*Asks:* 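Shown below is the structure under consideration.
Note that the structure is predicted; figures quoted are calculated from it, not measured.
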Amino acid sequence: MAEDKKQEEVPLVIEEQPLAEEYVSEAGEDAKESTLKETLQMIKETASEEDPKPSGQLNLRTILGGDLLTTEVVRSQIWLFVLIVAFSIVYVAFRYQCQQDMIAIDKLEQRLTDAKYKALSSSSTLTEKCRESHVLEILKQNQDSLLHQADQPPYIIEVPE
């Protein structure tokens, strides 16, 4: 009964086709009308204006067969699915790029640390070689140098203005 309410009765117009002469002669007018009524009744039962409802069961065959994509829910929300897929692709791409940047930053920080240690080592070596005691040692080793340590303390020369 509920099915009858869903399907509205649509008046169908069927053009009368001339039946074969043998049939008309055997059955007569009453048979012609009853056959026409039966045909009309069969058409009303099978015809509907709605799409067939998909079955409620969801299995691998319906998913792989594409039946899932024909449902009204999926059709009405297709742009939402496209948007979600686009955001997912962007998210994965940005995460990958971020990881690549982090690797590059780590490499550069390691190079910076190595450069700092090398600069510190060079600076300490230079400071050691520039000390007065080290310079005096080198002067003593080189006997040909005219430079030597002063024996007398420095004194102040006063110049009148």
Side-chain angles (χ1 to χ4, degrees), residues 1-139 141:
M1 182 150 185
E3 195 174 284
D4 292 337
K5 289 181 182 179
K6 286 184 181 177
Q7 295 179 355
E8 295 179 18
E9 292 197 22
V10 179
L12 296 175
V13 178
I14 299 177
E15 295 180 16
E16 293 186 27
Q17 301 281 334
L19 298 174
E21 291 181 24
E22 305 125 17
Y23 184 74
V24 172
S25 63
E26 291 177 11
E29 287 293 320
D30 292 334
K32 182 179 175 183
E33 287 180 18
S34 65
T35 307
L36 190 60
K37 287 181 182 180
E38 288 174 11
T39 307
L40 185 62
Q41 184 64 26
M42 286 176 49
I43 291 173
K44 283 183 181 179
E45 288 175 2
T46 59
S48 75
E49 293 183 12
E50 298 176 1
D51 289 336
K53 300 279 183 186
S55 62
Q57 60 185 0
L58 182 66
N59 55 25
L60 185 63
R61 186 174 185 172
T62 59
I63 293 171
L64 293 178
D67 296 338
L68 182 67
L69 298 176
T70 60
T71 62
E72 287 298 319
V73 175
V74 175
R75 281 188 198 170
S76 63
Q77 301 297 329
I78 192 72
W79 292 113
L80 177 65
F81 292 138
V82 169
L83 185 67
I84 289 172
V85 167
F87 279 152
S88 299
I89 290 170
V90 169
Y91 175 75
V92 169
F94 280 152
R95 180 164 181 131
Y96 178 76
Q97 184 61 40
C98 181
Q99 286 177 342
Q100 295 299 320
D101 291 344
M102 292 296 288
I103 291 170
I105 287 170
D106 288 342
K107 286 181 182 177
L108 291 174
E109 284 178 349
Q110 184 65 36
R111 285 181 57 194
L112 179 65
T113 305
D114 292 344
K116 282 182 180 179
Y117 287 146
K118 188 174 181 180
L120 182 63
S121 174
S122 299
S123 175
S124 66
T125 304
L126 181 62
T127 303
E128 182 185 337
K129 289 186 178 185
C130 290
R131 285 191 183 148
E132 186 177 348
S133 61
H134 188 70
V135 171
L136 288 177
E137 250 180 62
I138 293 175
L139 287 176
Q141 288 176 358

*Asks:* Does Ser123 offer a backbone N or O that forms a donor-acceptor pair with the side chain of Thr127 under 3.5 Å?
*Replies:*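 Side chain of Thr127 to backbone of Ser123: a pair is present.
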
*Asks:* Quick one: list whatever passes side-chain hydrogen bond (donor to acceptor under 3.5 Å, both in side chains) with Gln97, sequence neighbours left out.
*Replies:*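 Residues passing side-chain hydrogen bond (donor to acceptor under 3.5 Å, both in side chains) with Gln97: Asp101.
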
*Asks:* Would you give the length of the straight line joining atom CD1 of Ile138 to atom OG of Ser133, rounded to the nearest 0.5 angstrom?
*Replies:*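 Here the interatomic distance stands at 10.0 Å.
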
*Asks:* So, taking the atom named CD1 in Ile43 and the one named CD in Gln41, what distance separates them when rounded to the nearest 0.5 Å?
*Replies:*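 Going from the CD1 atom of Ile43 to the CD atom of Gln41 covers 10.5 Å.
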
*Asks:* Measuring from atom CG of Leu112 to atom OH of Tyr117, what distance do you get when rounded to the nearest 0.5 angstrom?
*Replies:*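 Rounded to the nearest 0.5 Å, the CG-OH separation comes out at 10.5 Å.
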
*Asks:* In chain order, what residues pass the side chain to side chain contact (heavy atoms under 4.5 Å, CB included) check against Ile84, with sequence neighbours excluded?
*Replies:*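 For Ile84, the residues satisfying side chain to side chain contact (heavy atoms under 4.5 Å, CB included) (neighbours in sequence not counted) are Leu80, Ser88.
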
*Asks:* I need the minimum non-hydrogen distance between His134 and Glu128, along with the two atoms involved.
*Replies:*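 Taking His134 first and Glu128 second, the nearest heavy atoms are CB-O, 3.6 Å.
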
*Asks:* So do the side chains of Val85 and Phe81 get within less than 4.5 Å of each other, counting heavy atoms only?
*Replies:*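 A side-chain contact is absent here, since even the closest heavy-atom pair is not under 4.5 Å.
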
*Asks:* Which residues pass the side chain to side chain contact (heavy atoms under 4.5 Å, CB included) test with Arg95, not counting sequence neighbours?
*Replies:*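 Counting only residues at least two positions away or on another chain, Arg95 forms a side chain to side chain contact (heavy atoms under 4.5 Å, CB included) with Tyr91, Gln99.
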
*Asks:* For Ser122 and Lys118, indicate whether the former's side chain and the latter's backbone hold a donor-acceptor pair under 3.5 Å.
*Replies:*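 Looks like yes, one N/O pair under 3.5 Å.
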
*Asks:* Does a sphere of radius 6.0 Å around CD in Gln100 hold more than 12 heavy atoms from other residues, nucleotides or ligands, not counting ones at 6.0 Å or beyond?
*Replies:*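 Buried by this count: over 12 neighbours within 6.0 Å.
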
*Asks:* Working note: Leu83 + Phe87, criterion side chain to side chain contact (heavy atoms under 4.5 Å, CB included); need CA distance, chi angles, decisive distance, verdict.
*Replies:* CA-CA 6 Å; Leu83 185 67; Phe87 279 152; 3.7 Å; yes

*Asks:* Could you tell me the separation between the CG atom of Leu120 and the OG1 atom of Thr125, rounded to the nearest 0.5 Å?
*Replies:*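 Between atom CG of Leu120 and atom OG1 of Thr125 there are 9.0 Å.
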
